[in-house]
Amino acid sequence: MTAALSAHELIARHRSTLDQALEAIRTRAYWSPHPEHPKAYGENGSLDAATGKAAFDALLGTRLDLGQPGTDGWVGGETSPYGIDLGVTYPHADLDVLLPAMKAGQRAWRDAGAEQRAVVCLEIFKRISDRTHEFAHAVMHTSGQAFMMAFQAGGPHAQDRGLEAVAYAYVEQVRTPDNAEWTKPQGKRDPLAMTKQFTPVPRGIGMVIGCNTFPTWNGYPGLFASLATGNSVLVKPHPRAVLPLALTVQVAREVLAETGFDPNLVALAAERPGEGIAKTLALRPEIRIIDYTGSTEFGDWLEANARQAQVYTEKAGVNTVVVHSTSDYKGMLSNLAFSLSLYSGQMCTTPQNLLVPREGISTDQGPKSYDEVVADLAKSVDGLLGDDARANALLGAIVNPDVKARLEAAAGLGEVALASREITNPDFPGAVVRTPVIVKLDGAKPDAEAAYMSECFGPVSFAVAVDSAADAAELLRRTVREKGAMTVGAYTTDPEVEQDVREVCLEEAAQLSLNLTGGVYVNQTAAFSDFHGSGGNPAASAALCDGAFVANRFRVVEVRREA
């Protein structure tokens, strides 16, 4: 293929950004090359708000032809949680044709080397970033996120996470030099001398199994970690959230072709209703890496059955907050209320269980009983979501009927401290919008345990009464060990309680946030600085993003000869 963009041009264009990303993962300081504010777009080739919305609207009802080999039909059927039929159709692949085609370009991609692969990935990010407004609407209308969240989490934050994976991939690949001269003294005899060459070799084809709620944020790390380490990547999106990842594949294929590589290094595997091709693909011998975000049941199946592949999973967990004491009661309530409400609790990091001593807590406003703490939190959520316009902007829409059913069933699990209410979205009358429910449970009662020890994904939280801080720490330990947790939060002014909770999190490998009362929330993580998951408890087998997430996507093969 003739390259429209040479390696030299790409390195000149993107090497400084790569270097900044490498420095960011080393220092863990704040950094992002992708603007968070919508008004930052509209110049230097990027789409502004109006043009991006028009580009999204132009996609509706169209066929997204990616030019993939083996296309044997067209599939679609996405309906926005806001009540709009997207009408976009995608290529359906004959896997026996597509998978061999994906392997054809791997040799050239492998031989390009770590730096060139990295800057090709950065060019992909640049073009996706230029279309952030368009992508934001695609994420919004497949995930149900409110627009601003879809813009930030589905746009710059997702791009940051992908770039972070590329930076880690680069570090791990260049850890070993390309060449080495090896000499071993032999006393009076001539020394032994060898020339050694080391090449990072990809595993094969990586598959990304996308999720409904965060198609780009959860999809980009695995996609770009595999691509940057020399693998081709097959993207299998969630049937309800195809469009954002299909657009990503489209951009990646364009950039690969323009840089002289085979566009079939990245391809889409959309499916017919009920086809379930993820399970079929997971057992194909060509699939050597799998990245998955979704239910525990299927994640466990992948780990047990996809034996030919390196499997990275993010599954379910029961996220917990220990509420022991605080020096900023109002700030604590405000912070928790926002965390419980954001995107209707449809985040893998949203707190579910709030462990509160039954005798109450100490605060800067004096002692507060368990009942007072729960009632005040309910009032804080009510106040946050009291204005419908603001509520719609925070809550978004319920992503699927299963979440709605869990929300409605939760009210029957215990005493309701905060009832969920229906909100109308004037812009999208078909949207299902609900405020969170908070249910009071007694942690000592066996019938309550079945509720709080199971993940209830969505806007459902349990205020669990416990006997003491020590009991809270022990319940936290058991929850993380048995069910997993993506996040843990704690509020305490007692150094001993803090140390106990910290020790639990260190021993059970759970990421901990302490005494958050400002504009940082337990269910948000920052790329290049925060780790998302740990890979050390049942909620996830990998962390986004660390060296372990990328290092086993390739192996180093040595060729040696006598000097």
Side-chain angles (χ1 to χ4, degrees), residues 36-37 140 143-154 156-157 213-214 217 318-323 326-356 361 363-365 368 373-399 403 407 410 417-421 423 425 433-439 456-463 485-492 511-526 530 532:
E36 286 185 308
H37 200 286
M140 174 183 175
S143 70
Q145 295 174 32
F147 177 77
M148 185 54 74
M149 184 174 186
F151 184 92
Q152 293 184 339
H157 296 172
T213 48
F214 288 89
W217 198 99
V318 177
N319 302 317
T320 300
V321 177
V322 175
V323 182
T326 179
S327 60
D328 184 358
Y329 187 60
K330 182 179 179 181
M332 179 189 79
L333 295 174
S334 177
N335 192 281
L336 285 173
F338 188 92
S339 296
L340 301 182
S341 303
L342 185 62
Y343 184 33
S344 300
Q346 298 170 125
M347 303 172 69
C348 62
T349 50
T350 300
Q352 174 179 301
N353 293 346
L354 309 174
L355 308 186
V356 185
I361 70 172
T363 80
D364 57 319
Q365 298 182 17
K368 298 288 183 179
V373 171
V374 179
D376 289 344
L377 178 59
K379 290 177 184 176
S380 189
V381 174
D382 249 350
L384 178 68
L385 303 177
D387 176 76
D388 283 3
R390 185 179 186 186
N392 276 308
L394 281 174
L395 294 170
I398 298 296
V399 69
V403 175
L407 170 62
L418 176 66
S420 177
R421 68 183 180 92
I423 293 177
N425 187 319
V433 185
R434 299 288 189 277
T435 62
V437 63
I438 300 176
V439 179
C456 194
F457 184 77
V460 178
S461 294
F462 301 115
M486 295 299 293
T487 57
V488 173
Y491 291 90
T492 182
Q511 312 294 10
L512 173 63
S513 297
L514 284 166
N515 297 317
L516 300 183
T517 58
V520 175
Y521 304 93
V522 67
N523 44 348
Q524 297 174 318
T525 59
D530 295 322
H532 175 76

> Do you know which of Thr349, Thr350, Thr320 makes side-chain contact (heavy atoms from CB on, under 4.5 Å) with Thr487?
Replying inline: Thr349

> What closest approach, in Å, do Leu377 and Ala337 show between heavy atoms, and which atom pair accounts for it?
Replying inline: CD1-N, 4.0 Å

> If you take all heavy atoms of Gln346 and Val399, which pair is closest and at what distance?
Replying inline: OE1-N, 2.8 Å

>> So which atom in Phe214 and which in Ala153 form the shortest heavy-atom distance, rounded to 0.1 Å?
In response: CE2-CB, 4.1 Å

> Are Leu385 and Pro436 close enough that some pair of their side-chain heavy atoms sits under 4.5 Å apart?
Replying inline: yes

>> Check whether Ser334 reaches the backbone of Lys330 with its side chain - one donor and one acceptor, N or O, closer than 3.5 Å.
In response: no

>> For the backbone of Ser420 and the side chain of Thr435, can you confirm whether one donor and one acceptor N or O come within less than 3.5 Å of each other?
In response: no

> When Tyr491 is tested against each of Leu516, Val356, Leu354, Asp328 for side-chain contact (heavy atoms from CB on, under 4.5 Å), which residue passes?
Replying inline: Leu516

>> For Tyr329, run the side chain to side chain donor-acceptor pair (under 3.5 Å) check against Asp376, Asp364, Thr517 and tell me which one passes.
In response: Asp376

>> Test side chain to side chain contact (heavy atoms under 4.5 Å, CB included) on Val323 and Met332; report intermediate values, then the result.
In response: CA-CA 9 Å; Val323 182; Met332 179 189 79; 3.9 Å; yes

> Is there a donor-acceptor contact under 3.5 Å from the side chain of Asn335 to the main chain of Val520?
Replying inline: yes

>> Using every non-hydrogen atom in the two residues, find where Ser339 and Tyr521 come nearest and quote the distance to one decimal.
In response: OG-CB, 3.6 Å

> So Phe147 and Phe151, would you call those rings parallel, tilted or perpendicular, with 30° and 60° as cut-offs?
Replying inline: tilted

> Taking atom CG of Leu336 and atom CG of Leu384, what is their separation to the nearest 0.5 Å?
Replying inline: 11.5 Å

> Between His532 and Trp217, is a side chain to side chain contact (heavy atoms under 4.5 Å, CB included) present by the stated rule, with each step listed?
Replying inline: CA-CA 11 Å; His532 175 76; Trp217 198 99; 3.6 Å; yes

> Got a donor-acceptor contact below 3.5 angstrom from the Gln145 side chain to the Thr213 backbone?
Replying inline: yes

>> Does either side chain, that of Glu36 or that of His157, offer a donor lying less than 3.5 Å from an acceptor on the other one?
In response: yes

>> Using every non-hydrogen atom in the two residues, find where Pro351 and Val321 come nearest and quote the distance to one decimal.
In response: CB-CG2, 3.7 Å

>> Just verifying a value: how many Å separate Met486 CE and Asn319 CG, rounded to the nearest 0.5 Å?
In response: 7.5 Å

> When Val437 is tested against each of Leu418, Val381, Leu407 for side-chain contact (heavy atoms from CB on, under 4.5 Å), which residue passes?
Replying inline: Leu407

>> If we count only N and O atoms by modelled type, under 3.5 Å, do the side chains of Asn523 and Tyr343 hold a donor and an acceptor together?
In response: no

>> Using every non-hydrogen atom in the two residues, find where Ile438 and Leu340 come nearest and quote the distance to one decimal.
In response: CD1-CD1, 4.2 Å

> Are any side-chain N or O atoms of Asp388 and backbone N or O atoms of Ile423, one a donor and one an acceptor, separated by less than 3.5 Å?
Replying inline: no

> Under 3.5 Å, side chain of Ser344 to main-chain N/O of Leu395, donor-acceptor pair present?
Replying inline: yes

